Amino acid sequence: MIGVYVHNRGRGHLNRVLPVVAALRDSGEAVTMLLAGPFDERTRPRGSSVVHLPATREEVGPEPDDIDLSARRAAVTWIDRMRPRTVWVDGPPAMSLAARMTGTPVVSTLPPGLRDDEPHVLRCRAAETLLAAWPPGAHPTTVAGTRGRVREVGGISRFERRGRERTPRRRRPRVVHLNSAGPSGDHRFWRAVRSTAQRLGVAEWVEVGGPDGVWREDPWDELTSADVVVTCAGQASVADAACCDVPMVVVPRRHEYGEQDATAGALGAHEGAVVLRYGDGPTAVAHAVCDQVTRSLDQASGGIRDSWGVDGAASRAAEVIRSATTTTTRTAVSR
């Protein structure tokens with residue numbers, strides 16, 4: 001059996017984990033997901049199991065470390081009782097370390113960017129393998145110093161296996177903005193972007209989420225209708241947007257360790273993606289959107305599906321997890 005711990009206080013981690021669990025099941029592995037947040041059973045990959053960990057706090061922040069200690073204890077208890085062959089932790093360093101202290105081989109998802117905080121350093125040392133959800137060479141400084149344990153598999157998207165049929169081109173180009181699922185975000189900024197873009201000639205702007213749009217748990221229809229996609233630089237958001245293979249405008253959100261800034265920096269080297277920051281201002285972002293619309297209509301630029309390594313990424317990740325060391329003695333780590 002393979003255990004998978006996923007931080008699902010937001011949606012990005014869970015959206016990344018689900019296609020990998022499906023690929024593990026396709027290869028014949030028994031998989032149990034350990035979840036510490038809400039979960040729609042309809043999305044559970046066929047044949048997989050789910051263990052719901054306790055979540056006693058009513059208000060929990062969006063960062064992976066904002067999770068109840070009771071949930072971690074329950075996860076460790078399950079690992080010690082069920083003795084999975086490997087545990088994949090897509091979440092905080094503390095959970096990777098807790099799982100490894102049971103003597104179980106751990107595969108840990110490596111976040112992009114440069115981190116030298118002690119929990120992250122210990123996670124990298126304790127993991128048998130570090131799984132990187134980006135194409136090879138995208139983050140050389142992140143990979144440096146990990147002693148060759150990183151496996152770069154490409155951007156993992158829940159939409160990888162969806163059909164790529166394009167809708168007939170409309171007379172009016174459409175921009176789709178993947179906004180936030182909840183109240184967080186600089187919504188005044190994006191209202192200014194949208195109004196400026198419309199003055200510049202963008203006739204149709206679709207908001208997915210945010211206060212001015214409707215959140216879609218599955219925005220594939222909206223994505224495949226887009227001529228340009230605007231998104232943050234969260235790894236799952238980028239991979240999902242890349243799947244529709246149209247030009248993108250990427251504006252990273254601010255996070256403590258700069259993960260989105262790092263991803264945005266890597267995307268800047270890919271034709272088909274234009275990267276701006278909030279500091280550039282809404283007018284600059286609106287002009288970038290209009291430029292990408294023009295490129296799309298002129299067919300001067302496609303998207304980044306191929307260069308971001310989306311196709312086959314979930315299966316490659318599953319193989320990394322399956323290949324993790326299985327002969328480690330179940331004793332506490334001593335490093």
Side-chain angles (χ1 to χ4, degrees), residues 7 9-13 15-16 61-66 90-93 108-121 123-124 130-146 150 152-157 177-182 184-190 192-193 209-210 228-242 247-289 292 303-304 307-310:
H7 170 79
R9 291 299 182 182
R11 288 170 171 81
H13 291 269
N15 288 341
R16 173 166 59 201
E63 294 302 320
D65 288 333
D66 291 330
D90 193 273
S108 185
T109 302
L110 181 67
L114 293 176
R115 289 182 60 170
D116 59 2
D117 57 292
E118 194 66 16
H120 173 73
V121 172
R123 162 175 54 189
C124 292
L130 295 166
L131 180 65
W134 57 72
H139 295 282
T141 55
T142 302
V143 173
T146 57
V150 178
E152 300 166 295
V153 299
I156 301 171
S157 172
H177 177 209
L178 296 179
N179 206 329
S180 59
S184 62
D186 192 341
H187 301 305
R188 289 184 298 178
F189 180 94
W190 287 109
V193 172
V228 172
V229 174
V230 182
T231 181
C232 68
Q235 288 183 286
S237 296
V238 168
D240 285 351
M248 298 164 55
V249 175
V250 180
V251 182
R253 293 176 183 157
R254 302 174 184 90
H255 283 271
E256 180 180 1
Y257 295 109
E259 294 98 331
Q260 291 208 12
D261 279 324
T263 298
L267 286 168
H270 291 257
E271 184 178 358
V274 172
V275 175
L276 290 96
R277 265 73 178 181
Y278 278 96
D280 294 318
T283 299
V285 174
H287 277 280
V289 171
Q292 288 293 71
I304 64 167
S307 61
W308 203 245
V310 171

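Just so you know, residue 1 is the first one in the sequence shown, and it goes up from there. Quick note: numbers below take in every heavy atom, side chains included, and nothing from hydrogens, waters or symmetry partners. All figures in this text were calculated on a predicted structure; none of them were measured in a lab.
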Query raised in the report: Which atoms form the tightest heavy-atom contact between Leu276 and Ala288, and what is the distance?
Result: CD1-CB, 3.4 Å

Requested in this report: For residues Ala264 and Val275, report the shortest heavy-atom separation together with the two atoms involved.
Outcome: O-CG2, 3.3 Å

Requested in this report: Apply the side chain to side chain contact (heavy atoms under 4.5 Å, CB included) test between Trp134 and each candidate in Leu110, Val153, Leu267; give the one that qualifies.
Outcome: Leu110

Report task. Nearest 0.5 Å please: distance from the CD atom of Glu259 over to the OG1 atom of Thr142. Result -> 10.0 Å

Query raised in the report: Is a donor on one side and an acceptor on the other found under 3.5 Å between the side chain of Glu152 and the backbone of Gly137?
Result: yes

Query raised in the report: So how far is it from Leu131 CG to Arg16 CZ, rounded to the nearest 0.5 Å?
Result: 8.0 Å

Query - Inter-residue atom distance Asp240.CG - Ser157.OG, 0.5 Å rounding - result: 3.5 Å

Query raised in the report: Within the side chain of Gln292, is there an N or O that forms a donor-acceptor pair under 3.5 Å with the backbone of Pro247?
Result: no

Report summary line: When every non-hydrogen atom of Pro92 is compared with those of Arg123, the smallest separation belongs to C-NH1, 4.0 Å

Report task. Supply the atom-to-atom distance Asp90 CG to Gln235 CD, rounded to the nearest 0.5 angstrom. Result -> 8.5 Å

**Report entry** Close side-chain approach of Tyr278 and Arg254, heavy atoms under 4.5 Å
**Finding:** yes

**Report entry** Under 3.5 Å: donor-acceptor pair, side chain of Gln260, backbone of Ala233
**Finding:** yes

Query raised in the report: Are side-chain heavy atoms of Pro252 and Thr263 found at a separation under 4.5 Å?
Result: no

Query raised in the report: Going by the angle between their ring planes, with limits at 30° and 60°, are His7 and His13 parallel, tilted or perpendicular?
Result: perpendicular

Query - Side chains of Ser180 and His187 in contact at under 4.5 Å (non-hydrogen atoms) - result: yes

Query raised in the report: When you measure from the side chain of Asp280 to the backbone N and O of Arg277, does any donor-acceptor pair fall under 3.5 Å?
Result: yes

**Report entry** Test item: Trp190 and Val285 side chains (from C-beta on) under 4.5 Å apart, heavy atoms
**Finding:** yes

Query raised in the report: Of all heavy-atom pairs between His139 and Ala266, which one has the smallest distance, and what is that distance?
Result: CE1-CB, 3.7 Å

Query raised in the report: Do you know the tightest heavy-atom contact between Pro93 and Arg115?
Result: CG-NH2, 4.2 Å

Report task. Would you name the heavy atoms of Ala241 and Val229 that are closest together and state the gap between them? Result -> CB-CG1, 3.8 Å

